[in-house]
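The structure under discussion appears below in the form of structure tokens.
These numbers come from the heavy atoms of this one structure, side chains and all, not from hydrogens, waters or symmetry mates.
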Amino acid sequence: MVILNQKLMVKYSLPVIMLVICLQVANGQTGASRKGMFYSINSGGWIKGASESAFQWQTVNGFQKNNFFVGLGVGLDRYRFTSVPVFADGRIYTGRSPQGFFLYEDAGLNYVVGKDRSDHPELNYSPGFYNDAGIGYKIIFSGRTGLLL
């Protein structure tokens, strides 16, 4: 697990959070049925940090019933080290409209891949806890295609 300098974390948290907002294309439903429906959320984005920028990609597949979604996800994060997060995803959508705000929480493990220990021998490359939480807004374009911000 990498321990970061607390002053650096505080200094760069807001810019990183603002720049991590990524475009998410969703195969959204125009209204989840009461029986529940399966769908995928596929997202990609560009992460900008203090020293570099990198590409990030994720896919989450799961079921939605009414305003609740539960799924499993996997991704590829190329910031600083290449890592693969594997996580559970939960979402709560507000209102009855297919468009609107949602809250989400991801939790799981993050695996570093392609480890070159000669560059950073002091780092521990064992799987670490992965967590991502936030608020978003879902916009439906047409049919099953939408945008998550």
Side-chain angles (χ1 to χ4, degrees), residues 1-34 36-115 120 123-141 144-149:
M1 191 164 115
V2 178
I3 298 175
L4 300 173
N5 182 325
Q6 188 175 11
K7 287 182 180 181
L8 286 175
M9 286 178 60
V10 171
K11 182 178 178 181
Y12 294 109
S13 291
L14 185 58
V16 169
I17 289 169
M18 290 172 55
L19 294 170
V20 168
I21 296 172
C22 58
L23 178 69
Q24 296 187 359
V25 178
N27 291 328
Q29 306 299 323
T30 57
S33 76
R34 293 187 178 182
M37 297 187 85
F38 175 84
Y39 74 98
S40 297
I41 302 169
N42 303 300
S43 63
W46 198 253
I47 302 170
K48 175 68 174 143
S51 61
E52 61 184 281
S53 58
F55 177 75
Q56 178 189 38
W57 171 84
Q58 288 184 345
T59 184
V60 179
N61 298 280
F63 290 92
Q64 181 173 342
K65 183 172 181 177
N66 298 325
N67 289 352
F68 299 98
F69 172 82
V70 176
L72 297 175
V74 64
L76 179 65
D77 186 338
R78 307 254 326 163
Y79 187 77
R80 191 166 180 204
F81 302 102
T82 300
S83 65
V84 176
V86 179
F87 55 92
D89 180 278
R91 295 170 188 245
I92 299 173
Y93 294 92
T94 62
R96 293 180 183 225
S97 170
Q99 300 191 133
F101 287 98
F102 63 91
L103 300 172
Y104 72 94
E105 172 76 27
D106 297 340
L109 292 174
N110 197 25
Y111 298 90
V112 175
V113 295
K115 309 166 203 136
H120 301 282
L123 297 179
N124 178 357
Y125 291 97
S126 61
F129 178 68
Y130 175 81
N131 187 50
D132 183 15
I135 185 169
Y137 190 81
K138 179 168 81 169
I139 301 166
I140 300 297
F141 292 133
R144 298 172 47 99
T145 303
L147 174 70
L148 299 178
L149 302 172

Strictly distance-based, threshold 3.5 Å: is any side-chain N or O of Q99 a donor or acceptor partner for the main-chain N or O of I140?
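Yes.
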Counting distance only, does the side-chain N/O of N61 pair as donor-acceptor with the main-chain N or O of L72 below 3.5 Å?
no
Which heavy atom in R78 sits nearest to a heavy atom in E52, and how many Å separate them?
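Result for this residue pair: O-OE1, 4.3 Å.
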Grab the two heavy atoms, one from L76 and one from T82, that are nearest each other, plus how far apart they are.
CD1-CG2, 3.7 Å
What is the distance from atom [atom1] of [X] to atom [atom2] of [Y], rounded to the nearest 0.5 Å?
X: N66; Y: Y93; atom1: CG; atom2: OH; result: 13.0 Å
X: T59; Y: D89; atom1: OG1; atom2: CG; result: 10.5 Å
X: Q58; Y: F87; atom1: CD; atom2: CZ; result: 4.0 Å
X: F102; Y: I92; atom1: CZ; atom2: CD1; result: 12.0 Å

Considering only heavy atoms from C-beta outward, does the side chain of L109 approach that of V86 to under 4.5 Å?
no
Minimum side-chain heavy-atom gap N131-E105 below 4.5 Å:
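Contact flag for N131/E105 side chains = yes.
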For D132, all residues meeting side chain to side chain donor-acceptor pair (under 3.5 Å), sequence neighbours excluded:
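Here the qualifying residues are Y104.
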Can you list the residues that meet the side chain to side chain donor-acceptor pair (under 3.5 Å) rule with S53, with sequence neighbours excluded?
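Side chain to side chain donor-acceptor pair (under 3.5 Å) list for S53, sorted by chain: W46.
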Can you label the angle between the Y39 ring and the F69 ring as parallel, tilted or perpendicular, going by 30° and 60°?
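The rings of Y39 and F69 sit tilted, inter-plane angle from 30° to 60°.
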With sequence neighbours excluded, what pairs up with [X] under the ring pair (Phe, Tyr, Trp, His ring centres under 6.0 Å) test?
X: F101; result: Y137
X: Y111; result: none
X: F68; result: none

Under the rule for salt bridge (Lys or Arg N to Asp or Glu O under 4.0 Å), what residues qualify as partners of D77, not counting sequence neighbours?
none
